[in-house]
Trainee: 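Once you've had a glance at the structure underneath, I'll fire off some questions.
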Protein chains: 2
Amino acid sequence: MTNRSCVIRLSRYKNALLRLRTLNFVRVFSENLADAAGVTATQVRKDFSIFGITGNRRGGYKVDELIEQLNKILGKDKIQKFILVGMGNLGKALVQYAGFERSGIKIVAGFDIDANKWDKEGPVPICPLEELSEVIRRHEIEFGIITVPDFAAQQVLELMIPAGIRGVLNFAPICVKGPEGCVVNNINLVTELENIIYFVNASEKTQESQQ
Amino acid sequence: MTNRSCVIRLSRYKNALLRLRTLNFVRVFSENLADAAGVTATQVRKDFSIFGITGNRRGGYKVDELIEQLNKILGKDKIQKFILVGMGNLGKALVQYAGFERSGIKIVAGFDIDANKWDKEGPVPICPLEELSEVIRRHEIEFGIITVPDFAAQQVLELMIPAGIRGVLNFAPICVKGPEGCVVNNINLVTELENIIYFVNASEKTQESQQ
DNA sequence: GGTTTTTTGTGATTTTTTTCACATTTAATG
DNA sequence: CATTAAATGTGAAAAAAATCACAAAAAACC
Ligand SMILES: NC(=O)c1ccc[n+]([C@@H]2O[C@H](COP(=O)([O-])OP(=O)(O)OC[C@H]3O[C@@H](n4cnc5c(N)ncnc54)[C@H](O)[C@@H]3O)[C@@H](O)[C@H]2O)c1
Ligand SMILES: NC(=O)c1ccc[n+]([C@@H]2O[C@H](COP(=O)([O-])OP(=O)(O)OC[C@H]3O[C@@H](n4cnc5c(N)ncnc54)[C@H](O)[C@@H]3O)[C@@H](O)[C@H]2O)c1
């Protein structure tokens, strides 16, 4: 199996390509993609080499073809359906975000334990948690997003799995764990900010010691 | 300099420890932290070894001491101030999120180009973009969060830097670039979801080929 | 107080990832 | 149509990260 950061990079290349296409670019060089993704040109070509993507020596890559190939690899050749559990501040922002649909990602329904959040009339229906399993099965959904408080996150995951969810993005600040064969990614924004704080402090120290 | 994923892990350990403390844990073993962070016990001890954190052979680590040491390393021994630019759906969710303040991260002010978003009376004042530089300088803020549309992200960064910002978390789906010495982290949620889609598809293929 | 058991701490080893170096292809140029 | 210049593609080398293996420490037990 291929490694996570390599796949993340493929996804970044694809995003950059989509932007280049709107600017009417027809061809692109590894150098350009490297810039857009914040990596080296060699890395781009190596990544492509791993996945058997080839361009034209001297002419670079054709934007259209490359997007198509990347979409195929990333499983984005069809629309992928998600459900989201936890219609609080963050859940609402995600459900309303138009960028997902533009990228072939559709949030089919939201769920919450709180009756005040339910709303079947909106563009994305918000349903009681009890209907989770039924909706997942009916739409054959494989992917979920968790935006409930930390104490509820693991139990929400354990509701999703038996209904058929096989991949989850979790925003609650704990590492939730799925069974073998279930892909779980935990995003912790506090951790991301702490990471920035650390490296800014570290670079301050380097500068001081150089003086 | 130490590597990014190592620092991310330190932050995860710290988060797990805070939770353990609320459950009245006094001591903890590398095994427990490994579980909470989704890594191996050896990895935990190696990380600690790198930063000179020591425990007690047989007795593990004291939760309180460990939190303090990690906070020191992560620069969290004082409250860290942030500003946020782009008070849309995502920006609003982040500004209202109580978890940041609980972790010693304070969003001092929000900024937007749109006058309808301005509001100096709320718990976090939302100000016109023109005041960005002044606020950063007055509060001596070093960190920023970008939640504006993609086309505006790079120019927002370039407003922040001369005012004194040295670390940025960007949510717009492009890789913004700061000058040398400025730490920028680009979070792309579409990319995160695509990553999950990829690995679920990959594991499906593995299973099929095993049958 | 000696023995056993448990857990840390870390050099050595292995694995993974990135970078280098350069042959190969192809477009452009004269 | 030969020459040159500019890019790709990829084995080999280097660097970085993770894991192993085990000695050292310390608590628990008899
Ligand atoms: N808001 C942010 O910017 C932000 C930032 C970082 C992390 N997070 C994390 O994301 C998660 C959501 O954050 P938020 O600010 O939107 O919180 P929130 O409190 O606004 O929303 C949580 C929602 O989950 C619902 N809920 C609670 N238990 C549930 C259950 N068992 N099943 C279904 N729904 C349930 C609540 O009714 C509520 O609507 C939290 O874990 C938080 O720590 C949020
Ligand atoms: N909402 C989400 O869940 C989500 C998910 C993934 C990525 N993102 C990304 O995060 C960013 C924000 O998303 P959103 O949904 O909150 O968008 P939004 O359109 O709701 O909000 C954007 C805000 O930025 C403000 N703005 C625009 N240009 C500005 C400028 N030059 N200076 C200051 N403010 C400016 C707008 O007035 C608006 O208030 C976007 O780049 C989006 O792609 C959002």
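Here the structure is a predicted model, which is why all the values come from computation and not from measurement. Chain A is the first sequence line, chain B the second, and so forth, proteins listed ahead of strands; every chain is numbered from 1.
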Trainee: Any donor-acceptor pair under 3.5 Å linking the side chain of A:T191 with the backbone of B:I8?
Mentor: no
Trainee: Which side-chain hydrogen bond (donor to acceptor under 3.5 Å, both in side chains) pairs, counting each pair once, include a residue from residues 73-99 of chain A, with sequence neighbours left out?
Mentor: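 As it turns out, the side-chain hydrogen bond (donor to acceptor under 3.5 Å, both in side chains) pairs with a partner in residues 73-99 of chain A, which skip direct neighbours, are A:K76-B:E194, A:N89-B:Q96, A:Q96-B:N89.
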Trainee: If we ignore angles and hydrogens, is there a donor and acceptor under 3.5 Å between the side chains of A:R4 and A:N185?
Mentor: yes
Trainee: Starting at atom CG of A:D47, determine the distance to atom P of C:dT18, rounded to an integer number of angstrom.
Mentor: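 Taking CG of A:D47 and P of C:dT18, I get 8 Å after rounding.
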Trainee: Within this structure, what is the NZ-to-P distance between A:K46 and C:dT17, rounded to whole angstrom?
Mentor: 12 Å
Trainee: Determine, for nucleotides 23-30 of chain D in 5'-to-3' order, which nucleotides have protein heavy atoms under 4.0 Å from the base (write B), from only the sugar-phosphate (write S), or from neither (write -).
Mentor: BBBBBS--
Trainee: Run the side chain to side chain contact (heavy atoms under 4.5 Å, CB included) test on A:E68 and A:K72 for me, step by step, so that the C-alpha distance in whole Å, both residues' side-chain angles and the decisive distance to 0.1 Å come before the verdict.
Mentor: CA-CA 6 Å; A:E68 206 171 323; A:K72 185 108 186 280; over 6 Å; no
Trainee: Is the phosphate of C:dT17 approached by A:N3 (side-chain N or O, under 4.0 Å from OP1 or OP2)?
Mentor: yes
Trainee: Does the A:N32 side chain pair with the main chain of A:F29, one donor and one acceptor, at a distance under 3.5 Å?
Mentor: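 Confirmed, A:N32 side chain pairs with A:F29 backbone.
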Trainee: Does B:S133 reach the main-chain N or O of B:A163 with its side chain, forming a donor-acceptor pair under 3.5 Å?
Mentor: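 No; zero donor-acceptor contacts below 3.5 Å.
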Trainee: Considering just the side-chain nitrogens and oxygens of A:R4, establish if one lies under 4.0 Å of OP1 or OP2 belonging to C:dT17.
Mentor: no
Trainee: How many whole angstroms separate atom CD1 of A:I50 from atom P of D:dG11?
Mentor: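 Checked: the CD1 to P distance equals 12 Å.
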Trainee: Does a side-chain N or O from B:T42 land closer than 4.0 Å to OP1 or OP2 of D:dT19, or not?
Mentor: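 So the side chain of B:T42 is outside the cut-off, no N or O lying under 4.0 Å from OP1 or OP2 of D:dT19.
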Trainee: Would you kindly give the CD-to-P distance between A:Q69 and D:dG9, to the nearest whole Å?
Mentor: 10 Å
Trainee: Between A:E31 and B:R45, just flag the one whose closest nucleotide in DNA chain D comes earlier from the 5' side.
Mentor: A:E31
Trainee: Nearest whole angstrom, please: distance from the P of C:dT7 to the NZ of B:K62.
Mentor: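 In whole Å, C:dT7 P lies 17 Å from B:K62 NZ.
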Trainee: What integer distance in Å separates A:L10:CG from C:dT17:P?
Mentor: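 Interatomic distance, CG of A:L10 to P of C:dT17: 13 Å.
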Trainee: Would you please confirm or rule out a distance under 4.0 Å between OP1 or OP2 of C:dT19 and any side-chain N or O of A:Q43?
Mentor: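 Looking at the OP1 and OP2 atoms of C:dT19, one of them is under 4.0 Å from a side-chain N or O of A:Q43.
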Trainee: One pair to check against ring pair (Phe, Tyr, Trp, His ring centres under 6.0 Å): A:Y61 and A:F48. What are the steps and the verdict?
Mentor: CA-CA 11 Å; A:Y61 306 84; A:F48 286 179; 5.1 Å; yes
Trainee: Check whether any side-chain N or O of A:Y61 sits under 4.0 Å from OP1 or OP2 of C:dT26, and answer yes or no.
Mentor: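 No, outside the criterion.
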Trainee: For the pair made of CD1 in B:I8 and P in D:dA16, what is the distance, rounded to whole Å?
Mentor: 19 Å
Trainee: Rounded to the nearest angstrom, tell me the gap between atom CG in A:N32 and atom C1' in D:dT8.
Mentor: 14 Å
Trainee: Using a cut-off of strictly less than 4.0 Å, decide whether B:S49 has a side-chain nitrogen or oxygen near OP1 or OP2 of C:dG9.
Mentor: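 Indeed not, no polar side-chain atom of B:S49 lies that close.
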